[in-house]
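Below: the structure, in structure tokens.
Being a predicted model, the structure only gives us computed values, none of them experimental.
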Amino acid sequence: KNKAVASLIYPAALAVIAGLVVTALMIFVVPKIVSQFNNFGAELPFLTRLVVGISDWIVNYGLIALLVATILGVGAWRALKEPKIRLWVDERVLKIPVFGRLAQAVDGARFARTLATLFAGGAPLIDSLVGAQRTVSNSYIRSRLDKTVTMVGEGASLAAALKRENALPPMLVHMVAAGERSGALADLLDKAAVQLEEEFDTASTVALRLLEPAIIVAMGGAVLVIVLSILLPILRFNTLAAG
């Protein structure tokens with residue numbers, strides 16, 4: 001988590017700066033320049049009219065939109081504190097392509113690492129399961145693991161219980177089954193945790209490296225659109241004057 005936060009500092013700062021630059025252009029620069037074109041009385045190009053419309057909307061309703069977004073954000077944050085809503089959201093998060101699989105891998109690694117540590121330290125399997133379950137952040141996975149603990153307490157194998165609930169990565173379930181057969185459950189849980197952590201580290205590193213150029217390209221595209229919206233009327237008026 002700390003690694004992800006540290007890696008996101010630069011892209012987040014870049015995104016904020018880019019947003020402020022584009023917003024400043026739309027609020028202070030575009031209206032003043034385009035107002036000069038209105039004196040000519042000619043129809044403005046579509047791109048210019050589009051940018052002017054967005055600029056007018058930001059000037060007139062930007063603060064209201066920001067206030068509404070803040071209220072909705074605070075409301076969503078408070079709503080997520082309700083167990084039923086959090087459970088519903090966490091279940092949907094796991095269904096998001098790529099991101100859901102990575103979120104499952106993170107919780108799977110945390111669960112496997114904790115379970116291996118507790119079990120290798122001599123704690124009973126049920127107690128180890130309960131302790132490992134508490135480290136899982138996704139409430140949906142945690143609720144499924146409740147049933148896993150119950151099934152193991154009733155005599156089912158850990159691998160069978162995990163497979164039935166289908167809450168953790170399949171690779172982890174296979175490693176648990178192999179560990180139970182070989183009597184090396186703690187060692188194979190550690191290996192599964194390492195694999196899952198490496199998978200998450202690789203995917204997050206690639207995503208963060210792609211995020212920075214994506215923000216730069218998006219900012220460049222926005223500035224290009226603004227510049228074109230200003231240049232197109234100038235070119236049109238020059239053509240009309242030459243004609």
Counting distance only, does the side-chain N/O of [X] pair as donor-acceptor with the main-chain N or O of [Y] below 3.5 Å?
X    : Y    : result
T202 : E199 : no
E212 : P11  : no
E165 : K147 : no
T117 : R113 : yes
T135 : G131 : no
Q104 : A167 : yes

_Worked verdict on L188 versus S182 for side-chain contact (heavy atoms from CB on, under 4.5 Å)_ = CA-CA 10 Å; L188 288 178; S182 63; 4.1 Å; yes
*asked:* Checking D190 against V194 for the side-chain contact (heavy atoms from CB on, under 4.5 Å) test, could you report, in this order, the C-alpha distance in whole Å, the side-chain angles of both residues, the deciding distance, and whether it holds?
replied: CA-CA 6 Å; D190 265 332; V194 169; 5.6 Å; no
Quick check: is [Y] connected to [X] through a chain of hydrophobic side chains (ILVMFWY, heavy atoms under 4.5 Å apart)?
X    : Y    : value
V51  : L224 : yes
V29  : W57  : yes
V30  : L228 : yes
V21  : V225 : yes
I230 : F28  : yes

Measure the spacing between [atom1] of [X] and [atom2] of [Y] and express it to the nearest 0.5 Å.
X    : Y    : atom1 : atom2 : result
K163 : L172 : NZ    : CG    : 14.0 Å
F111 : L196 : CZ    : CG    : 12.0 Å
N138 : D107 : CG    : CG    : 5.5 Å
S143 : L87  : OG    : CG    : 5.0 Å
L158 : L115 : CG    : CG    : 6.5 Å
L231 : T48  : CG    : OG1   : 9.0 Å

Does any non-hydrogen side-chain atom of [Y] lie less than 4.5 Å from one of [X]?
X    : Y    : result
S137 : R110 : yes
P124 : D127 : yes
L145 : V136 : yes
L189 : M175 : no
M26  : I226 : yes

Looking at [X], I'd like to know if its [atom1] atom is crowded, meaning that more than 12 non-hydrogen atoms belonging to other residues, nucleotides or ligands lie closer than 6.0 Å.
X    : atom1 : result
L63  : CG    : no
R92  : CZ    : yes
R164 : CZ    : no

Any idea which heavy atoms bring [X] and [Y] closest together, and the distance?
X    : Y    : value
E180 : S157 : OE1-CB, 3.7 Å
A132 : T114 : CA-CG2, 3.8 Å
A116 : A186 : CB-O, 3.5 Å
F119 : A123 : CD1-O, 3.7 Å
L185 : V176 : CD1-O, 3.8 Å
G19  : T23  : O-OG1, 2.7 Å

*Would L94 and I141 satisfy side-chain contact (heavy atoms from CB on, under 4.5 Å), going step by step from the backbone distance to the final call?*
CA-CA 9 Å; L94 294 176; I141 295 178; 3.7 Å; yes
Please tabulate, for side-chain N and O atoms in residues 78-86, each donor-acceptor pair with protein atoms closer than 3.5 Å (sequence neighbours left out).
unit_1	atom_1	unit_2	atom_2	d
R86	NE	D90	OD1	3.3
R86	NE	D90	OD2	3.1

